[in-house]
Amino acid sequence: MFGCLVAGRLVQAAPQQVAEDKFVFDIPDYESINHVVVFMLGTVPFPEGMGGSVYFCYPDQSGMAVWQLLGFVTNEKPSAIFKISGLKSGKGSQHPFGAMNLPRTPTVAQIGISVELLENLAQQTPVASAAVSSVDSFTEFTQKMLDNFYNFASSFAVTQAQMTPNPSEAFIPANVVLKWYENFQRRLTQNPLFWKT
């Protein structure tokens with residue numbers, strides 16, 4: 001019914017069923033992972049009115065399981081990407097996995113899926129830092145590149161009084177670079193693929 005994917009690793013498509021409505025995936029060497037994708041395989045849908053809460057479980061310093069709600073998957077939203085880097089220092093939250101102390105070694109975490117009523121899913125609050133940015137990686141890269149270019153170019157700015165005549169150099173006013181930067185950012189916000197036209 002469920003699959004789990006960590007970049008650079010094989011897809012896990014056979015979770016361990018720990019209760020009638022609870023499933024877990026072991027995630028070895030979890031400290032080197034930034035994101036996890038949880039998805040439905042498309043073979044068995046959730047029963048009508050049901051969905052799955054997705055939890056991240058890792059061992060704290062004493063070896064006890066710390067559970068954190070990441071989000072959910074449903075028939076209408078059959079996959080989700082969750083950011084787990086940075087969650088290891090957070091606090092646990094209420095979870096439906098009871099007293100199960102599932103991780104067996106300090107380097108193994110788990111992704112848990114609990115099948116629940118959609119009404120209950122709507123009332124749950126995931127850990128805020130688990131949400132993955134809705135900005136795609138190209139747009140994020142472009143914005144970072146623009147910031148870097150503007151900061152770099154601005155670091156060479158000089159006033160007219162500081163300029164020394166040099167016939168082999170061309171000078172571009174800083175306000176021209178700033179205007180280009182602002183226009184490009186505005187156009188990118190309106191349509192991230194504007195540059196293709």
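The structure displayed is predicted, hence computed values, not measured ones.
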task = Go through the steps to decide whether I111 and V54 satisfy the test side-chain contact (heavy atoms from CB on, under 4.5 Å), and finish with yes or no.
result = CA-CA 7 Å; I111 296 295; V54 180; 3.9 Å; yes
query = Under the side-chain contact (heavy atoms from CB on, under 4.5 Å) criterion, do F171 and M163 qualify, and how do the steps go?
reply = CA-CA 9 Å; F171 289 94; M163 294 173 92; 3.3 Å; yes
Stepwise side-chain contact (heavy atoms from CB on, under 4.5 Å) check, V6 with F25 = CA-CA 11 Å; V6 173; F25 292 99; over 6 Å; no
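The structure places CH2 of W180 at 5.0 Å from CG of L146, a figure rounded to the nearest 0.5 Å. Distance OG/S79 to CG/L5: 10.5 Å, rounded to 0.5 Å. The distance from the OH atom of Y55 to the NZ atom of K22 is 8.5 Å, given to the nearest 0.5 Å. Rounding to the nearest 0.5 Å gives a distance of 8.0 Å between CG of L70 and CD1 of I84. Atoms NZ and CG, from K77 and L121 in turn, are 10.0 Å apart once rounded to the nearest 0.5 Å. Atom-to-atom distance recorded for S85:OG and I33:CD1 is 10.0 Å, nearest 0.5 angstrom.
A heavy-atom distance below 4.5 Å is found between the side chains of Y30 and F56. The side-chain heavy atoms of V177 and I172, taken from C-beta on, include a pair separated by under 4.5 Å. Contact check for V37 versus C4: no side-chain heavy atoms found under the 4.5 Å cut-off. In this structure the side chain of V38 reaches within 4.5 angstrom of the side chain of F82, judged on heavy atoms.
Inspection of the Q110 and Q16 side chains reveals no N or O donor paired with an N or O acceptor under 3.5 Å.
The minimum heavy-atom distance linking M40 with P45 is given by the pair CE-CA, 3.9 Å. Taking all atoms of both residues into account, the shortest heavy-atom contact from Q124 to E116 is NE2-OE1, 2.7 Å. Of all heavy-atom pairs between R9 and P28, the closest is NH1-O, 2.6 Å.
Hydrophobic clustering (ILVMFWY, side-chain heavy atoms < 4.5 Å, transitive): L69 and F72 are in distinct clusters. One hydrophobic cluster, built from ILVMFWY side chains closer than 4.5 Å, cannot hold both M50 and L118; they sit in different ones. When hydrophobic clusters are built by joining Ile, Leu, Val, Met, Phe, Trp and Tyr residues whose side-chain heavy atoms come closer than 4.5 Å, directly or via intermediates, V115 is grouped together with V44.
Crowding of L178 atom CG: a count of heavy atoms from other residues, nucleotides or ligands under 6.0 Å exceeding 12.
If you look at F2 and F46, their ring centroids are closer than 6.0 Å.
Side-chain N or O atoms of Q162 include one that pairs as donor or acceptor with a backbone N or O of T159 at under 3.5 Å.
Ring geometry, F152 versus F156: the interplanar angle exceeds 60°, so the pair is classed perpendicular (tilted spans 30 to 60°).
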